[in-house]
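This report concerns only the one structure given below.
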Amino acid sequence: MALNIKRPNGTEDVTGKNIEKWNTIERTVKDVAKEFGFHEIRIPTFENTELFHRSVGETTDVVQKEMYSVIAKETEFTLRPEGTAGTIRAMLQNSLLNEALPQRAFYILSCFRHERPQAGRLREFHQFGVEMAGSALPSADADVILMANTIITQLGIENVELKINSIGCPKCRANYHSALKAYFENKKDELCETCLSRLDKNPMRILDCKSPVCSEIAKDAPVILDYLCDECSDHFNKLQSYLKTLNLSFTVDPKIVRGLDYYTKTVFEFVTTDIGAQGTICGGGRYDGLIKQLGGQDTPALGFAMGLERLIMTMENQGIEFDEPLGCSLYIAPMDESAIPMAMYIAKEVRSGGFQVEFDTVGRGLKAQMKYADKIGAQFTLVLGENEITSQTAKIKNMQTGEQIDIELNEHISSEFSDIMLDNLFGDILN
RNA sequence: GUGGGUGUAGCUCAGUUGGUUAGAGCGUCGGGUUGUGGUUCCGAAGGUCGUGGGUUCGAUUCCCAUCUCUCACCCCA
């Protein structure tokens, strides 16, 4: 079919069996969030552009080249590129931080970034995220990391590495930046072009460069962990000991540098090699300065986000089973038009017992109806013709065994069918 | 934003060294004597060969452009 309007590049439709993949993940994520005391929050899809400039940061790639911004009625809005900024804004605007602290919020939402799509990267993608505001202690970091780990484990995902790092507070980071700059200044001639431009803006990004030359140079660069102030260093040490207590294996990776400006102290990622180059399925960290930055009281906070598409990809590639949808319980096959009223009536009655019921609405012959019933996985079928209507009895056919059971066509049909279903499910145990 | 690959039926792919009505398997729909599916048999529908130009008597095949999808860089979930 020549369809002239297609979905925008980098977006996805979710249909058919894929819906169950999403449901599986959303269910798991919500269950775990509940166990950890997090409450769902829903926020707008777009915000005033200024919000992202102030939180994500003016110099970040996300703000500089990836945001979908529009001016509408003289106000500049942006489709959210991530969930933290809007969530914190909502916490402030709804005075949630004046209530019992810490506040724990989670969300499932779509994000928008204008990048070239590739494996594990879309222009509209979905995140499950959590934000916890009001706790400064490393035990909060450990709890949040445990939560991410619990979700990953509960989904059955394997081959995931937890990497943690501390990027310090603004105080110790300033010292580190100057040390880094000094180091790279000496090797200026060898650095790649992009790294040269990073030298002034954000020297920590050079550590992450994939160019063989740069990464070779970066090997001997000063490490942030050596420049942490006492407080940050203590925080990081305690976090590590807590993670050990929780039996979470992790590696300290000084190259973990988050690309959003609001991060402080702890940063972490859960990474897999099973889904291509974009292997970070969960990323997060602490952002102690953000709430004040957005006009609130100085309140420490932290959080993480998981890419739902990446979780699904990982599960697919690892051969993990998703929840099965409930199929059709009963298919009713009217022989001809005169049986349709009875078919509709029975369908209505049996549905009232909570069962999924279908009947023919396209005028198929009996054989074709049976084929259709088989195709949709109907557990039972019921044929309605002249005989059934005059005798007010019919046979219910079990599509798996072929066995036929007599049933009365009256107002008790719903509970009778219910008995048949129960017997079908638990008959072996009961008898 | 940069680079590589790709584009023939709903899906997976053949094919034409440029030449009349472009094929297969799967899927969809119908039928195999008038009331029963999964196997099998028969049949049907479905493609302006990604789009727009150019070369040619003639292009799905050659050339150019463009778009799509895809992978990687970058960046991030």
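All values below were derived from every heavy atom in this structure, side-chain atoms included, with hydrogens, water molecules and symmetry-related copies excluded. Below, chains carry the letters A, B, ... as their sequence lines are ordered, and counting in each starts from 1.
- Pairing of B:A24, defined by two Watson-Crick or G-U wobble distances under 3.5 Å, is identified with B:U12.
- Look at the P atom in both B:C41 and B:A59: the space between them is 41 Å, to the nearest Å.
- Checked against B:A72, B:A77, B:G38, the side chain of A:Ala119 finds its nearest nucleotide in B:A72.
- As rounded to the nearest Å, B:U61 and B:A65 have P atoms that lie 15 Å from one another.
- With salt bridges taken as basic N to acidic carboxylate O contacts below 4.0 Å, none links A:Arg7 and A:Glu12.
- Nucleic acid contact class of A:Asn9 (heavy atoms, under 4.0 Å, all strands): sugar-phosphate only.
- Remark: A:Gln278 is not in phosphate contact with B:A72, judged by side-chain N or O atoms under 4.0 Å from OP1 or OP2.
- At the heavy-atom level, A:Ala373 lies nowhere under 4.0 Å from the strands shown.
- Within 4.0 Å of A:Glu388, counting heavy atoms only, lies at least one base atom of the nucleic acid.
- Judged by distance alone with a 3.5 Å cut-off, a donor-acceptor contact links the side chain of A:Gln118 to the base of B:C74.
- Partner assigned to B:G52 is B:C64, using Watson-Crick or G-U wobble distances below 3.5 angstrom.
- A cation-pi geometry, defined here as NZ or CZ lying under 6.0 Å from the six-membered ring centre and within 45° of its normal, holds between A:Arg364 and A:Tyr372.
- For A:Met399, taking side-chain heavy atoms from C-beta onward, the closest of the listed nucleotides B:G30, B:A77, B:G37 is B:G37.
- Comparing B:C71 with B:G7, their P atoms sit 16 Å apart, to the nearest whole Å.
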### Query
Going through the checks in order, is the side-chain contact (heavy atoms from CB on, under 4.5 Å) test met by A:Phe36 and A:Thr150?
CA-CA 10 Å; A:Phe36 280 78; A:Thr150 305; 3.8 Å; yes

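- No contact: A:Leu308 has no heavy atom under 4.0 Å from any strand.
- Side-chain to base pairing of A:Asp374 with B:G37: one donor and one acceptor N or O lie within less than 3.5 Å of each other.
- For the residue pair A:Tyr107/A:Glu131, the side-chain donor-acceptor check at 3.5 Å is satisfied.
- Contact annotation: A:Lys397 side-chain N/O to B:G38 OP1/OP2 distance is not under 4.0 Å.
- Using N1 to N3 plus N6-O4 or O6-N4 for Watson-Crick, or N1-O2 and O6-N3 for G-U wobble, each under 3.5 Å, B:G43 pairs with B:C29.
- Regarding contacts with the backbone of B:C73, every side-chain N or O of A:Arg116 stays at 4.0 angstrom or more from both OP1 and OP2.
- You'll find a donor-acceptor pair under 3.5 Å spanning the side chain of A:Arg121 and the base of B:C74, going by distance alone.
- Aromatic stacking of A:Tyr372 on B:G37: not satisfied for centres closer than 5.5 Å together with planes under 30 degrees.
- Between A:Lys6 and B:G50, a side-chain N or O to OP1/OP2 separation shorter than 4.0 Å is absent.
- With B:U2, B:A77, B:C74 as the candidates, the nucleotide lying closest to the side chain of A:Tyr263 is B:A77.
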